[in-house]
Structure formats: structure tokens, C-alpha cells
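Nothing here was measured: the structure is a model prediction, and the numbers come from that model. Lettering of chains follows the sequences in order, A, B, ..., and the numbering in each one begins at 1.
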2 protein chains.
Amino acid sequence: MVTAFEALADPTRRRILDLLRERPRLVGELVDLLQISQPLVSKHLRVLREVGLVRVRQDAQRRWYELRPEPLAEINTWLEPYRQLWEARYDRLEDVLQELQEEERKHGKT
Amino acid sequence: MVTAFEALADPTRRRILDLLRERPRLVGELVDLLQISQPLVSKHLRVLREVGLVRVRQDAQRRWYELRPEPLAEINTWLEPYRQLWEARYDRLEDVLQELQEEERKHGKT
DNA sequence: TCTGTATATGCCTTGACAGTTATATAACCA
DNA sequence: TGGTTATATAACTGTCAAGGCATATACAGA
């Protein structure tokens, strides 16, 4: 596990980030909200920590996990050159139509 | 494997997409460029096909693989609310400084 | 029809990771 | 100090995907 891409592949981790977007949270809060075991939450948080997507503030025995969105900029950068492409193609319906035709040809040959 | 997020987790697949961004390519071309086995390329292409990130045009025995950037819009949408956050924090150096201090405190206590 | 070319698929092994349970660590409180 | 709370980690299991090898499929040309 190295990049933010891998970290985002897991849907649970995406949910954790979404929850931290509202405000920092304790591990226990996340356990309640996600309905999964505490060790599992801690593991996902460790992965997110390692790629820099969250940081921890310790407060006695409690640990506040806080979002650090900067690594997402890496993904945004990778995405950039594609953005223009899909925007440019929004008005072209031919793709969809042609695909429907091909599906028809393949499956509909009863 | 379901979403574009999972598809992008693999660096080889990201490379394939980058190559297809220039122009459509034959499977054989990708094999040469990526320096990996033909079956493996075909398998990655299958994953990309299943999430709709590429499409195929058949030309005799050859298959032209072509980029279909639309599913990336899903990722872009997910990213959207985060974008403002990291942009808002670009000018705050305190984060970095505080982190350096904490590292210092932890490891530098010789 | 046979042969070569281009690509896909099946089977297998290995490694990584999600998830669980049990336990360790660490700080607070009585 | 002992007990309790909050979180992390270790050990384990099951699953799934990457990658390799062998083979099937599909088409073209002779």
C-alpha cells in the first residue's frame, strides 16, 4: 500500500474520509457509525495515516482523527488531463447509441 | 471489482489509461509498451472494460482499445467536496510545522 | 482446409488485504 | 495500586486478485 489511489480503493476507507470531512472524530465514534469492529477501524485509519490522508491528535486516551485532504491533490492531478476528455464528449450521443446497437446484435439474436 | 476506484488502484491499469489517452491502441502495442505478458494485458483490459473505462472496436483479428473517460467523472464527483478543503489549506504552513515538531519530540529525544 | 496471427480465457500459485478474536499499551480515576 | 476506558497491535483465517503458463477462439491469407 503506497499511494492514495490504493487507499481509496476500499469503500470503507472512503466512508471514513467522508465522515471526517464533517469534523474530526474519535475511533469509537467511527466504530459506531460504520458498524464494524474497532480493530478494523484502527487498521483502516493506519492505512489512511500512512498515505497522509488523516492525522491524529492525542487527547488523554482518546485520539481525534482529522482529515488531511492534500494527498487527494495527487489524484486530482492525475485526473486533470482526462477531465477535458469526458467534458468534450458529453454532447456526443453516438457512443451510447452505438453501444446499444452492439448489445442488441450480440444478445438479441433469438 | 466494481467501481472505477478499484480499477485505478492498480498502477498498471493507470498506465494503460495514460497510454490510451494519446490514441486507441492494439493489445499487442500495449504488451510492447508495458513489457508485461499478453494475457496479463488482456486481463487488465477486461477489468477496465467491465467498469466502462475502455471500449473495444474489432478489426479482423485485431482489437482497438479506446479510452472512455466518463466513469472518471464519478471519481471527480466524489473528490469535489474535498477539493475546496485542500485548496483552502494551501496557505497554512502551521500544519507542516507542527508535524515537524511532533516528529522531533518523538524521535529526537536522545 | 491448413497455417499463422491476434487476442481471450482457464487453471494454478502466491501474496496481499479485509475481517475476527485475543491481547497489549496507555492514560485516566478511585 | 487496581480497575476501567480508549485505542493499537498480533496472530490467524478466508478471499480475491495479480501474474505466469498453457490453451482456446477467431480471423485472414495461401
Quick one: [X] [atom1] to [N] [atom2], roughly how many Å, whole number?
X	N	atom1	atom2	answer
B/Arg55	C/dT7	CZ	C1'	19 Å
B/Glu50	C/dA8	CD	P	12 Å
B/Glu6	D/dA17	CD	P	9 Å
A/Asp10	D/dA17	CG	P	13 Å
B/Arg46	D/dA17	CZ	P	11 Å
B/Trp64	C/dA8	CH2	C1'	18 Å

Classify every nucleotide of nucleotides 21-30 of chain C by which part a protein heavy atom approaches to under 4.0 Å, writing B for the base, S for the sugar-phosphate alone and - for neither, in 5'-to-3' order. BB----BS--

Specify the residues of residues 14-32 of chain A, ordered by number, for which at least one heavy atom lies under 4.0 angstrom from an atom of DNA chain C.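 Here the set is empty: none.
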
List the residues meeting salt bridge (charged side-chain N to carboxylate O under 4.0 Å, His left out) with [X], not counting sequence neighbours, and say none if there are none.
X	value
A/Arg83	A/Glu80
B/Asp18	B/Arg21
A/Glu74	none
B/Arg63	none

Not counting sequence neighbours, list each pair that qualifies as a salt bridge (Lys or Arg N to Asp or Glu O under 4.0 Å) and has a residue in residues 24-43 of chain A.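 Salt bridge (Lys or Arg N to Asp or Glu O under 4.0 Å) check on residues 24-43 of chain A returns A/Glu22-A/Arg25, A/Arg23-A/Glu29, A/Arg25-A/Glu29.
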
If only side-chain N and O atoms of B/His44 are considered, is one of them under 4.0 Å from the OP1 or OP2 phosphate oxygen of D/dG19?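 For B/His44, the contact criterion (side-chain N or O under 4.0 Å from OP1 or OP2 of D/dG19) is met.
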
Not counting sequence neighbours, which residues clear ring-ring contact (aromatic ring centres under 6.0 Å, His included) with B/Trp64? List them please.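 Per chain and number, B/Trp64 pairs via ring-ring contact (aromatic ring centres under 6.0 Å, His included) with no residue.
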
Return the set of residues passing ring-ring contact (aromatic ring centres under 6.0 Å, His included) with B/Tyr65 (not counting sequence neighbours), or none when no residue passes.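 Partners of B/Tyr65 by the ring-ring contact (aromatic ring centres under 6.0 Å, His included) criterion come out as none, since no residue qualifies.
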
A/Arg14, CZ atom: more than 12 neighbouring heavy atoms under 6.0 Å: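 Yes, enclosed.
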
